[in-house]
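This report refers to the structure that appears directly beneath it.
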Amino acid sequence: MRRPQQKHRWIAHMDLDAFFASCEQLEHPEYRGRPVAVGALPGHRGVVAAASYEARKFGIRSAMPVSEAYRRCPDAVFLRPDMEKYRRASRQVFQILETITPVVEAASIDEAYLDVSGLDKLLGTPGEIGREIKRRIFTGTGLTASVGIGPNRLIAKLGSEYRKPDGLTVITPEQVLDFLAPMPVANLRGLGPQTQKIFGRLGIRTVEQLRTAPLSRLEEHLGKKAAASFHRQAFGFASDEVVPERRRKSISKETTFAADVRDNDVLHDALRGLAADVARTARREGLSGSVVTLKIRFEGFETHTRQYRRDTPTHDERAIFKTAWQLFLGGKLPKKPVRLIGVGISGWEEDQPAVTQADLFDQPLEKEDNQRVLQTIDAVTEKFGKGMLQLGVPRKTDS
Amino acid sequence: MKLTIQRKILLKPLQQVVGVVERRQTLPILGNVLLNATARELKLTATDLEVELQAKVKLTVSEPGDITLPARKLLDICRTLPEGADIDISVKRERATVQSGKSRFILATMPASEFPVVDKIKSPHKFSAPQNELRQVIDRTAFSMAQQDVRYYLNGLMLEPDNGVLRAVATDGHRLAICESAMDVGETTGHQVIVPRKGIQELHRLLEDDTTAITVEIGTNHIRITTKELRFTSKLIDGRFPDYNRVIPKEANKRLVIDRETLRQALTRTSILSNEKYRGIRLSLSKNNLKIQAHNPEQEEAVDEIEVDYDSEPLDIGFNVTYLLDVLATIDSDSVEFLLRDANSSTLIHQPGIDDYRYVVMPMRL
């Protein structure tokens, strides 16, 4: 079965190799060539977040308990993650990607999709474009990346995973079916452990086997929607849309109450939840803002906003909440039933001057501990949904 | 109501109370001044709902009564009448007539009953003190108050009568000023109150530099200070002041003693080329030497060096120069002492050997 020859897009997927570990090796030449595991430290509970390729030779993988990693290679360099450092490096890489094409979509801190269609006159064949992406990243930052280029996002992503590290794989539309055929079904998108068990029971291990399985049988076991999705993927069909996220100016969340609220406790809790949402989004996007905005709407659509510029940018829900709540208490707002409340941050860190005035009462929490707490919250939220874990903020605080 | 008063007797108290009237009011009546005339006395009251000022004038009144008149207009009329003039004020129905010689003004009035006055303040703690001492306490601290900070409880001066001492603390989060003045503050419970910024500024304007006793009443929601002619009442900020003790550095291990005027002049010079917005300057301390450096976004640079008394490890530390200059302008002595620790820790500045008033300044990362 062949797709008819047609005009198609070229999508590139860029994945930085062992990103956290590579950042550390770049900064510390003495770690180069040595196994590096970033994450929890031996003797502590926790897992490895990223392992250098040298560490992977010892069987150290991300998400492996650090005790296990230590057993496999006690001589490895074990480091706590320094998210600030990685975000800085990531921003640099994305700036470089934008010199290739403006159509860049960040998939995570170390992954991006690029629409490189129509760049042949400018940069050459897809292979040449891929080499150029890797070259610019390496000369600009010293980091290596693996790049996959194909007619859609799925193929591009599988391409970047195909040869790692420092790999480049180009899959033309004609090669798609052959490229996919031997792959384990586990490589397809949206396939979790449960689905994999079902495929196992059905005796489907490779994409080729999936392709030949009757769709009705898949639907019976997986449901119509999932079956259709995997079936499409097996034939190499997937989205070829790359949505560049224009750099946002602010992150905000608001909520409208079913009935107007007079109780400050209710507002307090609502604002706390919103601050956590805003902070989580900010962390996911690697942003820290120093301007906190409180928005409040009273009955009759009377809307007020109050803003405050903090001395230091933050992505911590406690700081965002505290500032917003002080704006609420001290903002000389009318005492009326509240219809809507919202909070936002803006004024991103990189737009700020390097000069910072230290604050007497805002002694930063022990940085590493704080990052660890926030990372845990993000991980739990990712896995179990929001609201499962919240940072304690005292009720009715005024300090 | 009907009364006659000399211009010079009316002008001063009127000027004093009208100071609190805001140019734009939330309620029309707040633009008016309240006149209460009894047989022997005229009281003038103005308020912005936060700060209230009342002045008393001894006067024989022909027809007692109460009324409110447009405050600024009355003041302007009074000010522009010739010196030595007598002013007749009379009210008929809703109109007031202000007459002096051949000048006559008809003013709109509003009923006195609608004017918000704070009569008695709730559960006051009362003591009296010489007014120059209270004035000095404010002088030494008020410049460190925050201005429209989201931490609304910093937008004022904290006052704490505490066992024979009146303590005042002001901070904007970047620097802190603390002053303790020995006075008989009566039986105290360590009750802290925060007087809003505007109240402190008005109060400072009213206090004179002499030893006349004034009465201080601190209540649950208000503070009231009464002098011979004036009664000042301010609402208090409903909030908890941060624990100032926690931020007074106690682990300093470096000591710098320096001539106050020499340092002030060097800082003033250097600050010309500091960033206009952030006002950062760098102090580099080495044995008996202080190097002051500043530069701005235009890449201009200033360097100054002065001889100091310093015998600790070398230290590089950045500050907002305004905070240092504010402190140097307030300290009385010829020399000042800095107690430092490192580039990230706060610094204590005071008059050597004197702990009555002290300043804490947080550094700046340059």
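The chains referred to below are lettered A, B, ... by the order of the sequence lines, with proteins before strands, and numbering in each begins at 1. Hydrogens, waters and symmetry mates are skipped; everything else that's a heavy atom, side chains included, is used.
Within the 4.5 Å cutoff, the side chain of B:Asp243 has no heavy atoms near those of the A:Phe361 side chain.
In this model, a donor atom of one side chain and an acceptor atom of the other lie less than 3.5 Å apart for A:Gln326 and B:Tyr153.
Counting non-hydrogen atoms of other residues, nucleotides and ligands closer than 6.0 Å to NZ of B:Lys235 gives a total of 12 or fewer. Crowding of B:Arg197 atom CZ: a count of heavy atoms from other residues, nucleotides or ligands under 6.0 Å exceeding 12. No more than 12 heavy atoms of other residues, nucleotides or ligands shown are found within 6.0 angstrom of CD on B:Glu313. Enclosure of atom CZ in B:Arg269 by more than 12 non-hydrogen atoms of other residues, nucleotides or ligands within 6.0 angstrom is indicated. Remark: A:Glu30 CD is packed, more than 12 non-hydrogen atoms of other residues, nucleotides or ligands lying under 6.0 Å away. Around atom CD of B:Glu276, no more than 12 heavy atoms belonging to other residues, nucleotides or ligands sit under 6.0 Å away. Counting non-hydrogen atoms of other residues, nucleotides and ligands closer than 6.0 Å to NZ of B:Lys250 gives a total above 12.
No part of B:Phe319 comes within reach of chain A, as not one of its non-hydrogen atoms sits under 4.5 angstrom from that chain. With a threshold of 4.5 angstrom between heavy atoms, B:Leu176 approaches chain A through its backbone and through its side chain. Contacts between B:Asn155 and chain A at a heavy-atom distance below 4.5 Å are absent for every atom of the residue.
Your options are B:Asn320, B:Asp149, B:Val360, and the one with the most heavy-atom pairs under 4.5 Å with chain A is B:Asp149.
Between B:Arg175 and A:Asp359 there is no salt bridge, since none of the side-chain N atoms of the basic residue sits less than 4.0 Å from a carboxylate O of the acidic one.
Scanning both residues, A:Gln357 and B:Met362, for their nearest heavy atoms gives NE2-O, 3.0 Å.
Scanning residues 324-331 of chain B against chain A with a 4.5 Å non-hydrogen threshold yields no residues.
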